[in-house]
Amino acid sequence: MILGLETSCDETAAALVTAEGEIKANVVASQVDLHARYGGVVPEIASRRHLELIGPVIDETLSAAGVTFADIDGIAVTAGPGLIGALLVGLSAAKAIAWSRGLPLIPVEHLHGHVASLYLQPTDLQPPFTCLLASGGHTLLLDVSDRGWENVRIVGRTLDDAAGEAFDKGARLLGLGYPGGAEIDRLAKEGDPAAFSFPVARVPGLDFSFSGLKTALLYTVRDLGPDAVAERKADLAASYQHAIVRALTERVHEAAGDRQIAIVGGVAANSALRASLPEAIAAPLALCTDNAAMIASAGRYSVRLTSPEFLALDAHAQSL
Ligand code: KG4
Ligand code: ZN
């Protein structure tokens with residue numbers, strides 16, 4: 001059994017996963033309310049809150065599964081990419097537990113974690129497949145040939161904003177709450193996706209670009225004026241979402257050819273995206289946004305470090 005820890009952004013999360021990919025416990029303490037009034041995650045506030053929550057969240061995870069540290073065989077922890085102060089809280093907790101209990105420590109790439117959300121029961125997807133990883137920080141097309149991370153190839157990426165960032169910025173322009181993806185998803189259900197025509201950027205190869213779309217929404221909102229925006233908010237949300245979903249869907253089809261398609265990350269929770277890719281394997285909703293079950297899952301396919309080797313391990317803000 002692997003204990004997973006995830007603190008790369010504004011979720012303090014711990015989970016227990018067996019070697020067979022069964023989730024024994026999955027606890028996520030979201031800090032979203034704490035950051036909402038600032039319209040985004042404040043890194044220093046996130047670090048401090050992680051520090052307060054990490055102990056209780058681990059305790060709750062163990063008691064939810066009815067186990068103790070004696071039942072654990074390794075600690076998997078997100079080492080990056082993410083907010084450096086936030087990552088250090090999870091990594092330090094993992095080192096302390098691993099050192100004191102004589103357990104191996106398994107550093108995990110956050111992006112590997114998102115892909116490994118597909119390797120848990122009942123999905124238990126087997127490579128090869130083409131994976132769209134769309135979150136608040138990343139939009140990647142991955143060629144996945146193996147459950148390890150070394151053999152995953154990036155075949156496309158965003159040249160500017162991530163898809164989740166496009167959702168969040170669009171939501172902000174429409175005066176919706178933070179984070180905006182789920183809000184746009186909800187509001188779009190009452191709107192007409194063909195009411196406004198927003199552009200899908202045509203960039204070469206298999207890359208994405210979402211900054212022009214955000215600007216198009218900005219100009220539309222300006223031209224309409226506050227009263228018309230308020231009245232047509234659902235149409236704006238539906239049309240804006242439609243453009244993002246079309247961009248993602250077209251590219252993933254191009255990349256995959258006749259291979260299996262899978263979608264992961266926070267944006268994979270989007271109902272319009274899931275509906276427009278009926279043939280795709282999507283991560284279960286609870287495992288799309290950040291969680292530690294996916295980190296524990298990835299830990300099963302990653303290198304285990306022993307003491308004192310892992311004590312020198314550092315967190316990293318950028319992708320390796
Ligand atoms: O994977 P995630 O939890 O964190 C990162 O690693 O970034 O993704 C968070 C992103 C946010 O941008 C959020 O707005 C977006 O996922 N998101 C959604 C939905 N739920 C979350 N975007 C569109 N539709 C949703 N239902
Ligand atoms: Zn994530």
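FYI, the numbering just counts along the sequence from 1. What you see below is based on every heavy atom in this structure, not just the backbone, and it leaves out hydrogens, waters and symmetry mates. In each ligand, atom 1 is the first atom listed, and ligand 1 is the first ligand listed.
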Original post:
Which atoms of ligand 1 are found less than 4.0 Å from any heavy atom of Gly137?
Top reply: 7 (O)

Original post:
So which protein heavy atom does atom 21 (C) of ligand 1 come closest to, and at what separation?
Top reply: Gly266 O, 3.4 Å

**OP:** Return yes or no for this condition: an N or O of Glu11 is under 3.5 Å from an N or O of ligand 1.
**Re:** no

Subject >> Under 3.5 Å: N/O of Gly136 near N/O of ligand 1 >> reply: yes

Original post:
Would Ala182 count as a contact of ligand 1 if the rule is a heavy atom under 4.0 Å away?
Top reply: yes

Subject >> Parallel, tilted or perpendicular, as decided by the 30° and 60° cut-offs, for the rings of His112 and Trp149 >> reply: parallel

Original post:
If you measure every N/O of Phe167 against every N/O of ligand 1, is any gap under 3.5 Å?
Top reply: no

Original post:
Nearest protein heavy atom to atom 26 (N) of ligand 1, by residue and atom, and its distance?
Top reply: Asp185 OD2, 2.9 Å

Subject >> Asn270 neighbourhood, listing ligand 1 atoms whose heavy-atom distance to it stays under 4.0 Å >> reply: 23 (C), 24 (N), 25 (C), 26 (N)

Name the atoms and distances for all side-chain donor-acceptor pairs under 3.5 Å in residues 304-320, with sequence neighbours left out.
from   : atom 1 : to     : atom 2 : distance (Å)
His316 : ND1    : Gln318 : O      : 2.8
His316 : NE2    : Glu109 : OE2    : 2.7

Original post:
Under 4.0 Å between a Lys/Arg side-chain N and an Asp/Glu carboxylate O for Asp33 and Arg37?
Top reply: no

Original post:
Closer than 2.8 Å to the Zn ion (ligand 2), how many protein N/O/S atoms do you count?
Top reply: 3

Original post:
Taking Tyr240 for the side chain and Ala166 for the main chain, is one N or O donor matched with an acceptor at less than 3.5 Å?
Top reply: yes

**OP:** Measure from the side-chain N and O atoms of Ser276 to the backbone N and O of Leu273, and report whether any donor-acceptor pair falls under 3.5 Å.
**Re:** yes

Subject >> Identity and distance of the protein heavy atom lying nearest atom 14 (O) of ligand 1 >> reply: Asp168 OD1, 2.6 Å

**OP:** Flag the pair Glu52 and Arg48 as a salt bridge only when some basic side-chain nitrogen lies within less than 4.0 angstrom of an acidic carboxylate oxygen.
**Re:** no

Original post:
Does any N or O atom in Thr289 lie less than 3.5 angstrom from one in ligand 1, N or O only?
Top reply: no

Please report, to 0.1 Å, the donor-acceptor pairs under 3.5 Å made by any side chain of residues 277-291, with sequence neighbours excluded.
from   : atom 1 : to     : atom 2 : distance (Å)
Glu279 : OE2    : His253 : NE2    : 2.7
Asp290 : OD1    : His110 : NE2    : 3.1
Asp290 : OD1    : His114 : NE2    : 3.1
Asn291 : OD1    : Ala293 : N      : 3.1
Asn291 : OD1    : Met294 : N      : 2.9
Asn291 : ND2    : Leu287 : O      : 3.2
Asn291 : ND2    : Thr289 : O      : 2.9

**OP:** Output the distance between atom OG1 (Thr220) and atom CZ (Phe196), rounded to the nearest 0.5 Å.
**Re:** 7.0 Å

Subject >> Salt bridge present between Lys233 and Glu183 (N-O < 4.0 angstrom) >> reply: no

Original post:
Does Arg300 pair with Asp124 as a salt bridge, N-O distance under 4.0 Å?
Top reply: no

**OP:** Look at the side chain of Thr12 and the backbone N and O of Ile54, then say whether any donor-acceptor pair between them is shorter than 3.5 Å.
**Re:** no

Subject >> For atom 3 (O) of ligand 1, closest protein heavy-atom neighbour >> reply: Asp290 N, 3.0 Å

Original post:
Quick one: which ligand 1 atoms are inside 4.0 Å of a heavy atom on Gly164?
Top reply: 12 (O)

**OP:** Using a strict cut-off of 4.0 Å, indicate which atoms of ligand 1 neighbour a heavy atom of Ser135.
**Re:** 1 (O), 5 (C), 6 (O), 7 (O), 8 (O)

Taking distance alone, no hydrogens or angles, what donor-acceptor pairs closer than 3.5 Å link side-chain atoms of residues 70-85 to residues at least two apart or in another chain?
from  : atom 1 : to    : atom 2 : distance (Å)
Asp71 : OD2    : Thr68 : N      : 2.9
Asp73 : OD2    : Met1  : N      : 2.4
Thr78 : OG1    : Glu6  : OE1    : 2.6

**OP:** State whether the side chain of Arg259 and the backbone N or O of Phe129 hold a donor-acceptor pair below 3.5 Å, judged by distance alone.
**Re:** yes

Original post:
Can a salt bridge be assigned to the pair Asp10 and Arg49 using a cut-off of 4.0 Å between side-chain N and carboxylate O?
Top reply: no

Subject >> From His114, Glu165, His110 - option closest to atom 1 (O) of ligand 1 by heavy atom >> reply: His114

Original post:
Should Ser271 be counted as touching ligand 1, given the test is an N or O pair under 3.5 Å?
Top reply: no

Original post:
N/O of Gly181 under 3.5 Å from N/O of ligand 1, yes or no?
Top reply: yes

